[in-house]
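Read the structure below first, then the notes.
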Amino acid sequence: MESSAGLQGGKCHFYLPKYSDKVCWSPTEDHVFIRSLFQEGKRSKANIIFNTSLGVIFGVKKYADALQKIIKERNLTVNYKQNLIEVRADKQEAVFENLDKPGETQVVSYEMLHVTPPMSPPDVLKRSPVADAAGWVDLDKETLQHKRYPNVFGIGDCTNLPTSKTAAAVAAQSGILDRTISLIMKNEKPMKKYDGYTSCPLVTGYNRVILAEFDYSSQPLETFPFDQSKERLSMYLMKADLMPFLYWNMMLRGYWGGPAFLRKLFHLGMS
């Protein structure tokens with residue numbers, strides 16, 4: 001956030017693109033930046049604007065409601081169904097198209113522009129026979145087995161699984177695949193199925209996080225026995241300190257298959 005450090009005010013635009021496969025609220029840095037404005041006394045001089053191509057702030061209602069409360073408290077502006085089609089850096093202008101009214105555009109000026117780029121599969125995957133029409137590896141969403149090639153399996157960002165592409169999702173997918181791939185290769189029916197679990201730690205301040213966890217149906221699938229839609233220091237510390245350890249030391253080595261066992265433990269086997 002170097003560009004924000006010397007910013008004295010003006011219009012600050014944050015943008016989530018039309019073709020974003022990181023469905024989680026990617027420009028979470030905006031709230032970190034907003035908190036810094038409060039601390040440095042610059043908030044009254046800044047107009048914070050969040051433009052999203054989506055029709056909602058977040059795809060899971062429970063967490064969307066919590067974010068809307070924060071947006072209201074911090075007096076932020078959110079514009080929905082906006083598609084960034086051009087940046088005029090020399091003039092510090094951005095051109096947005098109204099997705100509800102194709103062809104209708106609006107030119108806005110900015111002092112700071114934070115943009116998440118559109119995402120797509122790499123060309124090598126798009127040209128591969130394992131890809132679907134959109135270019136992603138074409139899998140059964142429960143078994144993670146390819147729909148046309150039974151000896152092919154997939155996990156992670158390269159797949160067409162209808163869930164957010166996060167490390168948490170990859171961990172959960174690997175945990176399921178570890179239990180099912182050997183059975184499928186022996187023509188046995190696997191019992192474990194991937195439910196679409198994913199997690200998005202929504203950073204709402206320098207030391208606060210809303211830990212969103214949900215499944216294919218966009219229903220909360222929370223690990224801890226408390227309301228995770230609330231901003232918490234504990235969830236921030238977990239994201240900052242515990243999650244990197246799990247990723248580098250356990251997940252990449254095949255020792256971390258997601259928090260499903262912890263969820264059952266904390267919820268007494270009821271979830």
Side-chain angles (χ1 to χ4, degrees), residues 1 4 12 14 16 20 22-40 42-43 48 50 52 54 56-78 114 116 163-172 175 195-251 256-271:
M1 300 297 288
S4 67
C12 308
F14 300 84
L16 184 67
S20 174
K22 284 282 189 180
V23 182
C24 293
W25 196 21
S26 297
T28 50
E29 294 91 341
D30 55 0
H31 278 147
V32 178
F33 171 61
I34 291 162
R35 181 60 59 90
S36 72
L37 291 179
F38 277 120
Q39 293 174 339
E40 296 171 22
K42 301 175 183 177
R43 179 65 183 94
I48 311 298
F50 181 55
T52 173
L54 305 178
V56 293
I57 193 67
F58 196 78
V60 181
K61 186 178 186 304
K62 178 177 182 177
Y63 307 117
D65 290 344
L67 291 172
Q68 288 289 4
K69 182 179 179 181
I70 294 171
I71 288 168
K72 184 176 180 180
E73 289 174 349
R74 299 182 185 178
N75 193 29
L76 311 178
T77 300
V78 180
H114 179 286
T116 301
T163 192
S164 296
K165 300 180 184 298
T166 67
V170 175
D195 56 12
Y197 170 83
T198 191
S199 176
C200 301
L202 305 172
V203 180
T204 57
Y206 280 122
N207 58 2
R208 290 293 183 273
V209 158
I210 291 174
L211 183 60
E213 295 181 289
F214 50 96
D215 59 17
Y216 275 137
S217 58
S218 295
Q219 294 301 308
L221 194 59
E222 297 181 343
T223 298
F224 299 99
F226 49 73
D227 184 1
Q228 291 180 201
S229 68
K230 296 184 180 298
E231 295 179 281
R232 297 181 186 273
L233 172 61
S234 59
M235 297 295 97
Y236 174 82
L237 294 174
M238 188 177 72
K239 171 181 169 56
D241 300 320
L242 179 59
M243 288 183 178
F245 174 84
L246 287 176
Y247 180 82
W248 292 108
N249 296 282
M250 297 187 70
M251 192 187 94
W256 177 249
F261 72 99
L262 291 174
R263 188 180 310 117
K264 287 186 178 181
L265 176 65
F266 292 144
H267 294 272
L268 303 178
M270 300 178 64
S271 177

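Only heavy atoms go into these numbers, but all of them, side chains included; no hydrogens, no water, no symmetry mates. Since this is a predicted model, take the numbers as computed values, not measurements.
Residues L237 and L242 form no side-chain contact, since every pair of their non-hydrogen atoms from C-beta on lies 4.5 Å or further apart.
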Can you give each donor-acceptor pair under 3.5 Å made by side-chain atoms of residues 56-66, sequence neighbours left out, with the distance rounded to 0.1 Å?
residue	atom	partner	partner atom	Å
K61	NZ	D65	OD2	2.8
K62	NZ	E222	OE1	3.3
K62	NZ	E222	OE2	3.1
K62	NZ	D227	OD1	3.3
Y63	OH	E213	N	3.3
Y63	OH	E213	O	3.2
Y63	OH	E222	OE2	2.7

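Nearest heavy atoms, M243 versus L211: CE-CD1, 3.9 Å. Across R74 and T204, no two heavy atoms sit closer than the pair NH1-O, 2.7 Å. Heavy atoms only, all atoms of each residue included: R263 and Y197 are closest at NH2-CE1, 3.1 Å. For the residue pair M251 and V170, the shortest heavy atom distance occurs at CE-CG1, 4.2 Å. The two residues K239 and P201 make their nearest non-hydrogen contact at CD-CB, 3.6 Å.
Listed for the S164 side chain is no donor-acceptor partner under 3.5 Å among the backbone atoms of T166.
For the atom pair CZ (F214) and SG (C200), the distance works out to 4.0 Å, reported to the nearest 0.5 Å. Rounding to the nearest 0.5 Å gives a distance of 6.0 Å between CG of L202 and CD1 of I210. Expressed to the nearest 0.5 Å, how far CD of Q228 lies from OG1 of T223 amounts to 6.0 Å. The distance from atom CG of L76 to atom CZ of F50, rounded to the nearest 0.5 Å, is 10.5 Å.
Note: F224 and F266 meet the aromatic proximity criterion, with ring centroids under 6.0 Å apart.
Residues forming a side chain to side chain donor-acceptor pair (under 3.5 Å) with Q219 (at least two apart in sequence, or on another chain): none.
For the side chain to side chain contact (heavy atoms under 4.5 Å, CB included) test with E231, the passing option among I70, V209, N207 is I70; the others fail.
Counting only N and O atoms by type, the side chains of T198 and T163 include no donor and acceptor under 3.5 Å apart.
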